[in-house]
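Take a look at the structure below.
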Number of protein chains: 2
Amino acid sequence: MADPEFVAPRRAGILDVAARAGVSRQTVTRAMNDMPGINAATKQRVLEAARELHYRPSRFGRGLVTKVAPTLGLIVVDLTNSFWAELASRVLDAATRRGWTVLIAESAHGGVAAASSLVGQVDAVFGHVELDDSHIEEVFGSMPLVLFDRSPESQSRATIILDFGSAIQAAIEHLLVRGRQHIAMLDWSLSSRRSWRAEQFAAEMTSRGRDPRVLLTHTDADPDLDAARGAAEEALHLWPDTDAIVCFNDVVAIGVIKQLTESGVDVPDQIAVVGMDGLALGLVVTPELTTLQLDFQAVADLAVDLVIQIAEGQAPVRGPEVHRSVTPELTVRRST
Amino acid sequence: MADPEFVAPRRAGILDVAARAGVSRQTVTRAMNDMPGINAATKQRVLEAARELHYRPSRFGRGLVTKVAPTLGLIVVDLTNSFWAELASRVLDAATRRGWTVLIAESAHGGVAAASSLVGQVDAVFGHVELDDSHIEEVFGSMPLVLFDRSPESQSRATIILDFGSAIQAAIEHLLVRGRQHIAMLDWSLSSRRSWRAEQFAAEMTSRGRDPRVLLTHTDADPDLDAARGAAEEALHLWPDTDAIVCFNDVVAIGVIKQLTESGVDVPDQIAVVGMDGLALGLVVTPELTTLQLDFQAVADLAVDLVIQIAEGQAPVRGPEVHRSVTPELTVRRST
DNA sequence: TTGTAAGCGTTATCAC
DNA sequence: GTGATAACGCTTACAA
């Protein structure tokens, strides 16, 4: 048990290196940081001692005394989903340009634990948080926080709002003008409630005196291709005269196009398909996807600016001043 | 100039809060961290003082005295590219499961600067580094580092090698068996040299006594759909009798399929198409893509395990012991 | 060229 | 319930 080989597994510190090299710790610093004013031979000796001891400077000790880039925590659901990947890419870019670094957590894998592990590692947080307001306060406390795409009801904390309302109106108008008679929406939700997007769709349809057909699929994960194909089948069974389908997002839309095409239904001749989000994915499929294009760059810039302002105390943590709205626009391509 | 309002913009520290609340700094700690043994009224007073001063504990000071999760730096080229997004997702997952957090940098946006900014913020690095060996030493110094997908020549630092050799052989075999006569490869490279993948293709074709047709496109960014379409056109112009195309990766393959389909060439009847990497994207297109499937999960697990071992001094920083090879496998779908 | 001293902001220990 | 003191590991003065 008292094996002399098993001494303190504590990581070597600057003092250990100094002792081993027979110099002061200041000399070690000079050697490690390529600073001037050190004898080449001494430097070599120190570097060797450091290597032998597996010494690496502690980033905390160092961060305490030098100015280092602040860190933004970004919470996405799943990088495998193009939506989150595109958002993350833009946020990374926006943050980097402002001299911030980015720590990413995926809630799909880590869940709430992933989100809370960010706290204490970062200086501010932006992203998608599934918790309700009281839990948010509990987890994030005084952490500067900007929420992404929360329903406009909970407007306490700073939020980036995706306002699809006008784009949805434009899409419906576009479909009706081109003679589509029976428009259905394939909705998706992690809760059992309709999404905000579907609410907007239904409201607009109703206000035009049309039947607001909404098929809600409720799963515990983001929609994938196969699930979307099933939903498409179900919708056509429910409403066989459907000649246009508006989808919760682009991934669903692509699944729908695939299902229809393979069933021998022509898109767009027999059924038009509209997606939402404007992922690059929409250009991959045939026919290319008509979609409600979200400006990811704008979202990222807005969010990063906002969260930095809050972190620097130049903007309040909550209140209407810290709510930003982004408005997607209808982009017409071949699927309608 | 001497505006009295512009006092030290220095962030408030725990001592400032303590002074303002009229308590010791230890009491502030107790209040901030929800620790027991503090009067409820005192706690409120402290919390209020903290809020007024915009006080937030320094993560460095805290990291110095508490055990916090170590951080892995991940360098990807571009999260907008599904390849890197899928890899990042797996690495995030693998690292999180091992109690590490992940800091991501995109070299497409930040360049080398992005990579070097990681140093000093993290405890180890994994990812794609474009630099040559000597520059790597310069930038990363003693940082534990695992490189991703470097050509097997530079085997100094720890590396995850993607060995497409056998899968490429299998793909060629598969195409020939099905009667394809003239197989061409669309290669891609950021340097002016053929990729390692193309080398393998050419070698295998030559060893079978076939003409090794390789069209190299050289750009300064990852291939995108449009560029791939152009390359496809060029290849058919060069070798009109081509009846099978092997692509540098799935993105190129998808661009090729799109180009062929819109030109009225049937895939796979007239021309078969094979991709590499095995992205989820391959299931989106019609026909679904035959590809050389890389196991991203395995790559991530291998890489994270390896880099952690190195960081903990249980594996050497360089040498053949720290080279891991991953072998993709041919997945046949409808495009061949 | 090298060493000494001070301080960065926090939490843990132990006394009150 | 509260406060003093001692670390934590490092860098930046400044002195030798």
Side-chain angles (χ1 to χ4, degrees), chain A residues 8-47 49-50 53-71 119-123 141-143 311, chain B residues 8-47 49-50 53-71 119-123 141-143 311:
Chain A
R10 183 181 61 84
R11 243 183 79 185
I14 195 171
L15 255 33
D16 303 303
V17 178
R20 189 169 229 279
V23 297
S24 76
R25 66 160 162 215
Q26 174 54 19
T27 301
V28 176
T29 293
R30 283 192 268 255
M32 296 300 296
N33 300 8
D34 278 320
M35 298 171 76
I38 182 175
N39 185 304
T42 317
K43 182 168 177 177
Q44 280 313 312
R45 189 152 39 92
V46 171
L47 257 27
L53 292 162
H54 297 295
Y55 167 72
R56 304 217 343 92
S58 148
R59 66 174 198 273
F60 296 111
R62 179 175 274 170
L64 218 43
V65 287
T66 60
K67 268 294 156 254
V68 305
T71 301
V119 182
Q121 301 254 48
V122 300
D123 302 297
S142 62
M143 176 71 66
Chain B
R10 184 181 61 84
R11 247 183 73 185
I14 194 171
L15 254 33
D16 303 304
V17 178
R20 188 162 174 113
V23 297
S24 76
R25 65 165 163 211
Q26 179 52 25
T27 300
V28 176
T29 293
R30 282 191 269 257
M32 295 301 295
N33 299 7
D34 278 320
M35 298 170 77
I38 182 175
N39 185 304
T42 316
K43 183 168 177 176
Q44 279 314 312
R45 189 153 39 89
V46 172
L47 256 29
L53 268 48
H54 296 296
Y55 167 71
R56 303 218 342 94
S58 146
R59 66 174 199 273
F60 296 111
R62 179 176 273 170
L64 217 44
V65 286
T66 61
K67 269 288 157 262
V68 306
T71 301
V119 182
Q121 300 253 48
V122 301
D123 302 296
S142 63
M143 175 72 64

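Chain letters run A, B, ... following the sequence lines, proteins first and then strands; every chain starts at 1.
A heavy-atom distance below 4.5 Å is not found between the side chains of A:M32 and A:I14.
Recorded end-axis angle for the helix from C:dT1-D:dA16 to C:dC16-D:dG1 stands at 40°, based on five pairs per end and rounded to 10 degrees.
The backbone N or O of A:I38 sits nowhere less than 3.5 Å from a side-chain atom of A:T42 that would complete a donor-acceptor pair. Judged by distance alone, the side chain of A:D123 and the main-chain N or O of A:T71 form a donor-acceptor pair under 3.5 Å. A donor-acceptor contact shorter than 3.5 Å links the side chain of B:D16 to the backbone of B:G13. Distance alone, capped at 3.5 Å, is enough to place a donor-acceptor pair between the B:T66 side chain and the B:R62 backbone. Checking side-chain atoms of B:R45 against main-chain N and O of B:A21 turns up a donor-acceptor pair under 3.5 Å. The main-chain N or O of A:M35 is never found under 3.5 Å from a side-chain atom of A:N33 such that the two would form a donor-acceptor pair.
Regarding contacts with the backbone of C:dG3, a side-chain N or O of A:T27 is found under 4.0 angstrom from either OP1 or OP2. Considering only side-chain N and O atoms, A:T42 lies under 4.0 angstrom from the phosphate OP1 or OP2 of C:dT2. Taking 4.0 angstrom as the limit, A:S24 places a side-chain polar atom (N or O) nearer than this to OP1 or OP2 of C:dG3.
If you check every strand for non-hydrogen atoms under 4.0 Å, A:R59 touches nothing.
D:dC10 atom P lies 9 Å from atom CG of A:L15, rounded to whole Å. Counting to the nearest Å, the C1' atom of D:dG9 and the CG atom of A:L53 are 15 Å from each other.
Between A:G63 and A:V68, the closest heavy-atom pair is CA-CG1, 4.1 Å. Closest approach of A:Y55 to A:A12, counting heavy atoms only: CD1-O, 3.4 Å.
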Take nucleotides 11-16 of chain C nucleotide by nucleotide from the 5' end and write B, S or -, depending on whether a protein heavy atom sits under 4.0 Å from the base, only from the sugar-phosphate, or from neither.
BBB---

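With distances taken from any side-chain atom of A:V23 to the nucleotides D:dC10, C:dG9, C:dG3, the minimum falls on C:dG3.
Heavy-atom distances to DNA chain D give each of B:L64 and B:G37 a nearest nucleotide, and the one nearer the 5′ end belongs to B:G37.
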